[in-house]
Amino acid sequence: RTEDTNDSNHHNLCLDVGCGFGVLVPFLVQAGISPSNIHGVDLSPEMIRNAQEQHGNTNANANSKQSKSSPTFTACDFLNDYKGPSKDSDHDDKTPPPPFAAAIFCSSL
């Protein structure tokens, strides 16, 4: 079980690589991770759209406000293009992503 402080210092960030439509989000929340600390990445933009519809959020790279209590999903090639989670509109590509407390790698390949 992860203790969630729900603060902005990124202690409980969870990265879900190959997240698909976000099937693990409810289980991660049940384990004590705040939805806002869950960051899903998938190569398929369609799967990311499905995840966003199911979990009510916007893309991490969009310039729109999203709920502070929702996961972040990004459609990209994780190995080549992932820049890290950001809910701030002033995020720049030179800033390294914050450290993750956990990383999950799923793949249907």
Side-chain angles (χ1 to χ4, degrees):
R1 181 165 171 89
T2 301
E3 293 299 320
D4 183 19
T5 59
N6 204 21
D7 59 14
S8 62
N9 62 8
H10 306 296
H11 288 301
N12 296 321
L13 293 180
C14 181
L15 175 63
D16 183 1
V17 179
C19 67
F21 57 86
V23 68
L24 294 180
V25 169
F27 299 102
L28 295 170
V29 170
Q30 185 177 6
I33 299 171
S34 171
S36 64
N37 286 341
I38 299 170
H39 303 278
V41 179
D42 200 283
L43 186 59
S44 168
E46 183 177 344
M47 293 304 267
I48 293 300
R49 277 191 301 276
N50 289 332
Q52 292 167 342
E53 289 172 7
Q54 287 194 22
H55 302 288
N57 69 29
T58 59
N59 187 304
N61 297 323
N63 288 328
S64 61
K65 290 209 171 204
Q66 72 178 36
S67 169
K68 290 184 179 183
S69 65
S70 64
T72 301
F73 296 100
T74 303
C76 71
D77 179 339
F78 174 74
L79 294 176
N80 294 313
D81 302 324
Y82 186 64
K83 304 289 191 242
S86 175
K87 294 182 181 180
D88 303 323
S89 60
D90 61 348
H91 176 74
D92 63 58
D93 290 340
K94 295 176 185 171
T95 305
F100 289 94
I104 302 166
F105 292 84
C106 287
S107 177
S108 61
L109 300 176

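Taken to the nearest 0.5 Å, the CD atom of Gln52 stands 8.5 Å off from the OG1 atom of Thr74. Rounding to the nearest 0.5 angstrom, the gap separating the CG atom in Leu28 from the CD1 atom in Ile38 is 4.5 Å. Considering CG of Asp42 and CZ of Phe78, their distance stands at 12.0 Å, rounded to 0.5 Å.
Nearest heavy atoms, Gly22 versus Ala51: N-CB, 4.0 Å. Minimum interatomic distance between Ser70 and His55 (heavy atoms only, all atoms of both residues): CB-O, 3.9 Å.
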Take Ile48 and Cys19 through the test side-chain contact (heavy atoms from CB on, under 4.5 Å) and record every step on the way to the result. CA-CA 8 Å; Ile48 293 300; Cys19 67; 3.8 Å; yes
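In this structure, the side chains of Ile104 and Phe27 stay at 4.5 Å or more apart for every pair of heavy atoms. Here the side chains of His39 and Tyr82 are in contact, with some heavy-atom distance below 4.5 Å.
Connection of Val17 to Leu13 is established within a shared hydrophobic cluster, with ILVMFWY side chains joined at heavy-atom distances below 4.5 Å, either directly or through further cluster members.
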